[in-house]
Amino acid sequence: PTGEPITREKLERTEASEDYLFSLGFKDFRVRSRDGQAILQLKEEQWPLMAEQRQAVLLELKKYYKSIVLDMEVR
């Protein structure tokens, strides 16, 4: 986000989070970081997979972020 410094730690946790989601079968997505929160941006057709993998995703991403949210605005 504008005004928030980019750090090595932020880049590493975003990369680790995206690698994990990719390993679960997600494609064409982003993990955004804002104020210690992960914002997941997925295509609508991937929402069922997120519902199935919700607990696993929360468990893994909570290692890096204080909260995890799904951006409901399809891009």
Side-chain angles (χ1 to χ4, degrees):
T2 303
E4 194 174 308
I6 297 171
T7 65
R8 180 183 204 96
E9 178 187 359
K10 287 178 187 177
L11 292 174
E12 288 174 351
R13 71 182 178 197
T14 298
E15 183 176 3
S17 297
E18 289 182 345
D19 287 348
Y20 179 72
L21 291 175
F22 185 74
S23 78
L24 294 177
F26 290 95
K27 308 263 188 280
D28 195 18
F29 64 89
R30 291 287 180 262
V31 176
R32 306 284 186 200
S33 177
R34 181 172 296 138
D35 299 321
Q37 177 181 66
I39 302 167
L40 308 182
Q41 297 176 326
L42 309 171
K43 298 285 185 183
E44 188 172 5
E45 58 268 15
Q46 295 186 81
W47 292 357
L49 178 58
M50 181 56 71
E52 291 171 17
Q53 297 293 331
R54 180 180 169 271
Q55 289 299 330
V57 169
L58 287 173
L59 185 63
E60 182 66 21
L61 271 58
K62 283 285 203 162
K63 295 176 182 177
Y64 309 109
Y65 299 97
K66 63 183 178 185
S67 66
I68 317 312
V69 298
L70 178 60
D71 183 346
M72 300 293 286
E73 294 186 42
V74 179
R75 306 213 189 291

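The first residue of the sequence shown is numbered 1, and numbering continues consecutively from there.
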Checklist entry - Nearest 0.5 Å, what's the CG-CD distance between Asp28 and Glu45? => result 8.0 Å
Checklist entry - If you round to the nearest 0.5 Å, how far is CD of Glu15 from CZ of Phe22? => result 13.0 Å
Checklist entry - side-chain contact (heavy atoms from CB on, under 4.5 Å) between Thr14 and Arg30: does it pass, once the steps are laid out? => result CA-CA 9 Å; Thr14 298; Arg30 291 287 180 262; over 6 Å; no
Checklist entry - Which pair of heavy atoms, one from Glu4 and one from Arg34, lies closest together, and at what distance? => result OE1-CA, 4.0 Å
Checklist entry - Any link between Tyr65 and Leu58 through a network of hydrophobic side chains (Ile, Leu, Val, Met, Phe, Trp, Tyr) touching at under 4.5 Å? => result yes
Checklist entry - What are the two closest heavy atoms between Asp35 and Lys66, and how far apart are they? => result O-CE, 2.9 Å
Item to check | Hydrophobic cluster membership, Ile39 vs Tyr20, 4.5 Å side-chain cutoff | outcome: no
Checklist entry - Is it true that Leu40 and Val69 fall in one hydrophobic cluster, defined by side-chain heavy atoms closer than 4.5 Å? => result no
Item to check | Non-hydrogen atoms of Pro5 and Lys10 that approach each other most closely | outcome: O-NZ, 2.8 Å
Checklist entry - So, do Leu49 and Leu42 sit near enough that their side-chain heavy atoms are less than 4.5 Å apart? => result no
Next on the checklist: If we ignore hydrogens and angles and just use 3.5 Å, is the side chain of Lys63 paired with the main-chain N or O of Ser17 as donor and acceptor?
Outcome noted: no
Next on the checklist: For a 4.5 angstrom cut-off between non-hydrogen side-chain atoms, does Met72 reach Trp47?
Outcome noted: yes
Item to check | From Leu61 atom CG to Glu18 atom CD, the distance as rounded to the nearest 0.5 Å | outcome: 9.5 Å
Item to check | Heavy-atom pair of closest approach, residues Ser33 and Arg13 | outcome: OG-NH2, 3.3 Å
